[in-house]
Visitor: 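My structure is below; once you've seen it, I'll send some questions.
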Amino acid sequence: MPNSPHPPEPASADSSQMEPVGTPGLRGLVGIVVAAVAVAALYLAREVLIPVTLAMLLSFVLSPLVELLRRAWLGRILSVILAVVLALGLILALGSAIGTQMAQLAKGLPQYQTTIESKIAHLRDVTINKFSEKLSNLGHQLTGPAPHAAAPAPAPTSAQAPGRQQPQQKPVPVVITQPAPSVVEFGKTILEPLLYPVATAGIILIVTIFTLLQKEDLRDRGIRLLGSGDLQRTTVAMNDAGRRLSRYFLTQLGLNASFGVIVGVGLYFIGVPNPLLWAIL
């Protein structure tokens, strides 16, 4: 073959070098950074994200009730307000029931403590003490009678003790009284623990009402954000997913409520105190 006018150039040193196998690429580093930033954002925004998540779950639970009320010609706004008020009343009723049962349980706690201690002492006498007594008798039978130990010398009385000192005078106790708290400090002590639960409940209620009122608008915005090409099928799929989630949460709520009712009735008939508290828990 004739020689080519341009001979092949030697391979450069850079092309012959290969990257180490364990070195992460730029895409992997970007993924790690994005994941770390997302986790940090979720941790820092948990005070807002947790109420929003609870509000979304509550809106899925209340959505069938809102649809039922809307079929009764009550209107969207009135149906949403009525459903939220019913849910809030049910939650407050459960909370008051738990508080009342807890107060009754705390009032009878000393009696329960005495009963439990007596039961434990009786169980110890029946099991551990009898077992220890049988082991002790078996040890005496194996080793024989123990030799009599010499009686200890009587300890000198206080009158015979040398260098007896006169009893010292008891110190006078000192009582330090704190000044009475002001009205501002008293109000801060009472209101500060209630501030976070009230704020969380307010966020949950507002987001729930907004979600139930703007459910179709939020669905359409989600579809436009995803950029779906087939809007009709995507809308039908999202509606079906919402109905399935609502049905699932309602079924879960019904199963839990039924289980609580069965437990409460059973505890009531066997004589367990405060059966409503244990049923709710």
Side-chain angles (χ1 to χ4, degrees), residues 34-66 69 76-109 112 178-215 217-219 221-222 225 242 245-246 248-257 259-261 263-264 273-281:
V34 169
V37 171
V39 171
L42 290 175
Y43 177 77
L44 295 176
R46 66 188 185 277
E47 304 294 338
V48 177
L49 292 179
I50 292 176
V52 170
T53 305
L54 293 176
M56 297 301 294
L57 294 177
L58 185 60
S59 65
F60 277 113
V61 174
L62 296 179
S63 181
L65 179 59
V66 173
L69 293 175
R76 175 183 298 181
I77 298 178
L78 186 59
S79 301
V80 169
I81 293 177
L82 185 59
V84 172
V85 168
L86 289 176
L88 183 61
L90 181 61
I91 293 173
L92 291 179
L94 290 176
S96 62
I98 292 175
T100 304
Q101 294 291 312
M102 288 293 291
Q104 295 179 1
L105 183 64
K107 187 183 297 183
L109 192 60
Y112 302 148
Q178 296 290 339
S182 61
V183 179
V184 178
E185 295 178 353
F186 185 73
K188 183 180 179 181
T189 304
I190 295 178
L191 296 178
E192 189 172 3
L194 299 177
L195 185 60
Y196 177 74
V198 171
T200 304
I203 294 175
I204 292 174
L205 288 179
I206 292 174
V207 176
T208 302
I209 293 174
F210 174 76
T211 304
L212 291 174
L213 287 175
Q214 304 293 330
K215 183 175 66 173
D217 183 63
L218 291 175
R219 179 202 60 196
R221 289 177 183 271
L225 183 63
L245 283 175
S246 299
Y248 169 75
F249 288 131
L250 282 177
T251 304
Q252 192 76 9
L253 180 62
L255 288 176
N256 291 333
F259 183 73
V261 169
V263 170
N274 306 110
L276 182 60
L277 175 63
W278 311 121
I280 293 176
L281 293 180

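Worth saying up front: this structure is predicted, and the values here are computed from it rather than measured. Numbering starts at 1 and runs along the sequence shown.
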Visitor: According to salt bridge (Lys or Arg N to Asp or Glu O under 4.0 Å), who are the partners of Arg46, at least two apart in sequence or on a separate chain?
Guide: none
Visitor: Do you know the tightest heavy-atom contact between Leu250 and Pro64?
Guide: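 In terms of heavy atoms, the two residues are closest at CD1-CG, 3.4 Å.
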Visitor: Would you mind reporting whether Ile81 and Ile77 have side-chain heavy atoms less than 4.5 Å apart?
Guide: yes
Visitor: Tell me every residue that passes side chain to side chain donor-acceptor pair (under 3.5 Å) with Asn256, counting only those two or more places apart in sequence or in another chain.
Guide: none
Visitor: How long is the span from the CG atom in Leu69 to the CG atom in Leu62, to the nearest 0.5 Å?
Guide: 10.0 Å
Visitor: Could you pull out all residues at least two apart from Pro273 that satisfy side chain to side chain contact (heavy atoms under 4.5 Å, CB included)?
Guide: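 Partners of Pro273 by the side chain to side chain contact (heavy atoms under 4.5 Å, CB included) criterion, ordered by chain and then number, come out as Tyr112.
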Visitor: Restricting to pairs with a member in residues 76-89, which pass salt bridge (charged side-chain N to carboxylate O under 4.0 Å, His left out), not counting sequence neighbours?
Guide: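 Passing the test, one end in residues 76-89: Arg76-Glu216.
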Visitor: Measuring from atom CG of Leu58 to atom OG1 of Thr53, what distance do you get when rounded to the nearest 0.5 angstrom?
Guide: 12.5 Å
Visitor: Not counting sequence neighbours, which residues clear side chain to side chain contact (heavy atoms under 4.5 Å, CB included) with Val263? List them please.
Guide: Phe259, Leu267
Visitor: For residues Trp278 and Leu105, determine if any side-chain heavy atom of one lies less than 4.5 Å from a side-chain heavy atom of the other.
Guide: yes
Visitor: List the atom pairs, donor and acceptor, that lie under 3.5 Å between side-chain atoms in residues 199-215 and the rest of the protein, sequence neighbours left out.
Guide:
| unit_1 | atom_1 | unit_2 | atom_2 | d |
| --- | --- | --- | --- | --- |
| Thr200 | OG1 | Tyr196 | O | 2.8 |
| Thr208 | OG1 | Ile204 | O | 2.6 |
| Thr211 | OG1 | Val207 | O | 2.7 |
| Lys215 | NZ | Ser63 | OG | 3.2 |
| Lys215 | NZ | Glu67 | OE2 | 3.0 |

Visitor: With sequence neighbours excluded, what pairs up with Leu109 under the side chain to side chain contact (heavy atoms under 4.5 Å, CB included) test?
Guide: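 For Leu109 there are no side chain to side chain contact (heavy atoms under 4.5 Å, CB included) partners, ignoring immediate neighbours.
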Visitor: Please determine whether side-chain contact (heavy atoms from CB on, under 4.5 Å) holds for the pair Val48 and Val52, giving the CA-CA distance in whole Å, both sets of side-chain angles, and the decisive distance to 0.1 Å.
Guide: CA-CA 6 Å; Val48 177; Val52 170; 4.2 Å; yes
Visitor: I need the full list of salt bridge (charged side-chain N to carboxylate O under 4.0 Å, His left out) pairs touching residues 80-93, with sequence neighbours left out, sorted by first then second residue.
Guide: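 Every pair satisfying salt bridge (charged side-chain N to carboxylate O under 4.0 Å, His left out) with a residue in residues 80-93: there are none.
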Visitor: Please round to the nearest 0.5 Å and tell me the distance separating atom CG of Leu82 and atom CG of Leu78.
Guide: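 One gets 6.0 Å once the value is rounded to the nearest 0.5 Å.
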Visitor: Sequence neighbours left out, cut at 3.5 Å: what donor-acceptor pairs do the side chains of residues 86-101 make with other protein atoms?
Guide:
| unit_1 | atom_1 | unit_2 | atom_2 | d |
| --- | --- | --- | --- | --- |
| Ser96 | OG | Leu92 | O | 3.2 |
| Ser96 | OG | Ala93 | O | 2.8 |
| Thr100 | OG1 | Ser96 | O | 2.9 |
| Gln101 | OE1 | Asn274 | ND2 | 3.1 |

Visitor: Who pairs with Phe60 by side chain to side chain contact (heavy atoms under 4.5 Å, CB included), at least two apart in sequence or on another chain?
Guide: Leu245, Ser246, Phe249
